[in-house]
Amino acid sequence: MSQQLPDVQASSPDVTVGLSQVGVTGVEKLVKIAREDKRPIVLTAEFEVFVDLPSWRKGADMSRNMEVIDEILEDATRDEAYRVEEVCGEVAERLLGKHDYTSRAEVSMEAEFMRREQTPASDRETQHTVDIIASATATEDGTREEIGAKVVGMTVCPCSQGMSAARAKQTLEDLGVEGETITEFLEQVPQPGHSQRGHATLTVEAAGDPDVDLNDVIDIARDSMSARIYNLAKRPDEDHMTYAAHADAKFVEDCVRSMAEGVVDEFDQLPDDAVVTMKQSNDESIHQHNAHAERVVEMDQLRSEVDD
């Protein structure tokens with residue numbers, strides 16, 4: 001005779017403390033993203049799935065979490081019609097429905113995405129890698145979804161460049177070059193400054209699906225730094241990137257401000273309560289530390305600050 005196994009998770013814990021997140025991480029799934037008149041994009045995505053846990057319950061139903069993930073993501077793979085943030089939103093909503101003891105379900109996803117592009121000077125076709133970020137949080141009040149990307153670029157330190165410009169000016173003056181010529185030369189030829197590899201992160205969160213195009217998010221993040229970088233670079237491309245970066249030197253703080261401007265200019269359709277997260281981290285070339293700046297802000301506040 002079969003005997004029903006005890007549901008240990010449903011018992012009361014010895015210490016009755018509620019938990020804000022209980023779930024699984026490192027879940028890898030294939031997800032297909034449909035594109036109009038093109039083959040779908042196939043992503044190898046890594047998911048994290050959490051629910052909250054009340055103080056009176058010992059544990060969450062892990063097998064039920066995996067059942068929902070498998071069910072929804074397999075449907076998404078077959079259907080080829082989901083945006084990644086919609087996949088997260090549907091998983092979160094189903095999780096909330098299947099766990100009667102939870103009030104909040106959270107799903108996040110990261111995946112590597114390749115985009116084709118042309119090199120800036122030699123016009124060669126190449127590809128660049130972007131890390132897509134998507135998430136969703138479902139509660140009784142509704143579901144909020146987030147979409148965004150992490151990109152890599154190049155920055156140049158304005159302070160270092162300013163010192164180089166001062167040295168160049170003094171050298172030219174010592175050589176007897178006229179002041180007007182020195183000024184024109186320094187305007188035409190950006191002076192050296194120490195460069196950094198920059199990492200920009202930009203995400204947009206809103207009730208339901210954020211009304212933004214992922215490609216626009218990626219472009220805003222890439223253009224927030226001193227210059228874009230490319231996997232393929234012939235000598236003219238290297239010259240183009242070096243010149244462009246030094247002609248637009250930026251502090252780590254400036255990169256976040258550039259993202260803010262880009263978001264306000266490009267995403268006028270976003271509601272006031274949409275939340276924008278902007279982060280910039282630079283790998284310093286002449287220091288052992290790195291530089292970081294970020295801002296998390298609602299759209300109405302961001303609009304008012306940028307428009308001032």
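Here the structure is a predicted model, which is why all the values come from computation and not from measurement. The chain is numbered in sequence order, starting from 1.
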J.: Evaluate the criterion salt bridge (charged side-chain N to carboxylate O under 4.0 Å, His left out) for residue pair D237 and R228; output intermediate values, then yes/no.
T.: CA-CA 11 Å; D237 301 311; R228 294 188 177 195; over 6 Å; no
J.: Ignoring hydrogens and geometry beyond distance, is a side-chain donor-acceptor pair present between N231 and T126 at under 3.5 Å?
T.: no
J.: So among E93, E205, E106, which one has a salt bridge (charged side-chain N to carboxylate O under 4.0 Å, His left out) with R144?
T.: E205
J.: Treat each ILVMFWY residue as a node, draw an edge where side-chain heavy atoms are under 4.5 Å apart, and state whether I218 and V152 are in one component.
T.: no
J.: Taking CD in E180 as the centre, count heavy atoms belonging to other residues, nucleotides or ligands within less than 6.0 Å. Is the count above 12?
T.: no
J.: Determine whether C88 and F47 satisfy the following criterion, side-chain contact (heavy atoms from CB on, under 4.5 Å), listing intermediate values before the conclusion.
T.: CA-CA 9 Å; C88 293; F47 286 84; 4.2 Å; yes
J.: Begin with the C-alpha distance, continue with both residues' side-chain angles, and end with the deciding distance and a verdict on salt bridge (charged side-chain N to carboxylate O under 4.0 Å, His left out) for E261 and R257.
T.: CA-CA 6 Å; E261 283 188 313; R257 296 182 182 110; over 6 Å; no
J.: Are F185 and Q191 close enough, and set up right, to give a side-chain contact (heavy atoms from CB on, under 4.5 Å), and what steps lead you there?
T.: CA-CA 10 Å; F185 172 79; Q191 295 304 293; 3.9 Å; yes
J.: Is there a side-chain contact between E85 and L214, using heavy atoms and a 4.5 Å cut-off?
T.: no
J.: Could you go through D272 and E298, starting from their C-alpha distance and side-chain angles, then the distance that decides it, and tell me whether this counts as side-chain contact (heavy atoms from CB on, under 4.5 Å)?
T.: CA-CA 7 Å; D272 287 345; E298 291 189 345; over 6 Å; no
J.: Of all heavy-atom pairs between K250 and S224, which one has the smallest distance, and what is that distance?
T.: NZ-O, 2.8 Å
J.: Looking at M259 and T201, what are the two nearest heavy atoms and their distance?
T.: SD-O, 3.7 Å
J.: Could you give the distance from NE2 (H246) to OG (S160), rounded to the nearest 0.5 Å?
T.: 7.5 Å
J.: Linking I/L/V/M/F/W/Y whenever any side-chain heavy atoms sit under 4.5 Å apart, do I229 and I220 land together?
T.: no
J.: Name the one of K150, R197, H199, H292 that satisfies side-chain hydrogen bond (donor to acceptor under 3.5 Å, both in side chains) with S281?
T.: H292
J.: To the closest 0.5 Å, what do you measure between CD (E48) and OG (S108)?
T.: 4.0 Å
J.: Determine the sole option in P190, P192, S195 for which the side chain to side chain contact (heavy atoms under 4.5 Å, CB included) test with Q161 is passed.
T.: P190
J.: Just so I know, are the side chains of T44 and L30 near enough to count as touching, which here means a heavy-atom distance under 4.5 Å?
T.: yes
J.: Between the side chain of Q188 and the main-chain N/O of L186, is any donor-acceptor distance below 3.5 Å?
T.: no
J.: For the side chain of T119 and the backbone of R124, is there at least one donor-acceptor N/O pair under 3.5 Å apart?
T.: yes
J.: Please check if the side chain of D131 supplies one atom and the backbone of E112 the other of a donor-acceptor pair under 3.5 Å.
T.: no
J.: Could you check whether any side-chain N or O of D52 sits under 3.5 Å from a backbone N or O of S103, counting only pairs where one atom can act as donor and the other as acceptor?
T.: yes
J.: Do V91 and V24 belong to the same hydrophobic cluster, where Ile, Leu, Val, Met, Phe, Trp and Tyr are linked whenever their side-chain heavy atoms lie under 4.5 Å apart, directly or via other members?
T.: yes
J.: Looking only at non-hydrogen atoms, find the nearest pair between P210 and E145 and report the distance.
T.: CG-O, 3.2 Å
J.: Between A206 and A274, what is the shortest heavy-atom contact and its length?
T.: CB-CB, 4.2 Å
J.: Got a second to check how far H194's NE2 is from C157's SG, nearest 0.5 Å?
T.: 3.5 Å
J.: Can a side-chain donor-acceptor contact be found between T203 and E146 if the only test is distance below 3.5 angstrom?
T.: yes
J.: Side-chain contact, heavy-atom cut-off 4.5 Å: V264 with L302?
T.: yes
J.: Hey, could you give me the CE/CG distance between M109 and L43, rounded to the nearest 0.5 Å?
T.: 6.0 Å
J.: Donor-acceptor check, side chain of S226 to backbone of V156, threshold 3.5 angstrom: yes or no?
T.: yes
J.: Given side chain to side chain donor-acceptor pair (under 3.5 Å), test R222 with H128 step by step and report yes or no.
T.: CA-CA 11 Å; R222 291 185 80 193; H128 74 99; 3.2 Å; yes
J.: Do you reckon V151 sits in the same ILVMFWY cluster as F267, going by side-chain contacts under 4.5 Å, direct or chained?
T.: yes
J.: Could you walk me through whether K29 and V87 satisfy the side-chain contact (heavy atoms from CB on, under 4.5 Å) test, starting with their C-alpha distance in whole Å, then the side-chain angles of each, then the deciding distance to 0.1 Å, before giving a yes or no?
T.: CA-CA 12 Å; K29 290 290 181 181; V87 176; over 6 Å; no
J.: Between L232 and E125, is any pair of side-chain heavy atoms under 4.5 Å apart?
T.: no
J.: Between Q280 and G198, what is the shortest heavy-atom contact and its length?
T.: NE2-CA, 3.6 Å
J.: Check D283 against Q196 and note the closest heavy-atom contact, atom names and distance.
T.: O-CB, 3.4 Å
J.: Group every Ile, Leu, Val, Met, Phe, Trp and Tyr by side-chain heavy-atom contacts under 4.5 Å, then state whether V217 and I133 land in the same group.
T.: no
J.: Identify the residue among V84, L202, D209 that makes a side chain to side chain contact (heavy atoms under 4.5 Å, CB included) with I147.
T.: V84
J.: Please check if the side chain of D254 supplies one atom and the backbone of F251 the other of a donor-acceptor pair under 3.5 Å.
T.: yes
J.: Is the count of non-hydrogen atoms from other residues, nucleotides or ligands lying under 6.0 Å from R115 atom CZ greater than 12?
T.: yes
J.: For a salt bridge (charged side-chain N to carboxylate O under 4.0 Å, His left out) check, start with the C-alpha distance between R303 and D300, then their side-chain angles and the critical distance, and finish with the verdict.
T.: CA-CA 5 Å; R303 289 187 181 106; D300 60 341; over 6 Å; no
J.: Look at atom CD of Q21 and say whether more than 12 heavy atoms of other residues, nucleotides or ligands are closer to it than 6.0 Å.
T.: yes
J.: Rounded to the nearest 0.5 Å, what separates atom CD in Q170 from atom CD1 in I182?
T.: 8.5 Å
J.: How long is the span from the OG1 atom in T102 to the CG atom in L95, to the nearest 0.5 Å?
T.: 7.5 Å
J.: Can you tell me if Q269 has over 12 outside heavy atoms packed within less than 6.0 Å of its CD?
T.: yes
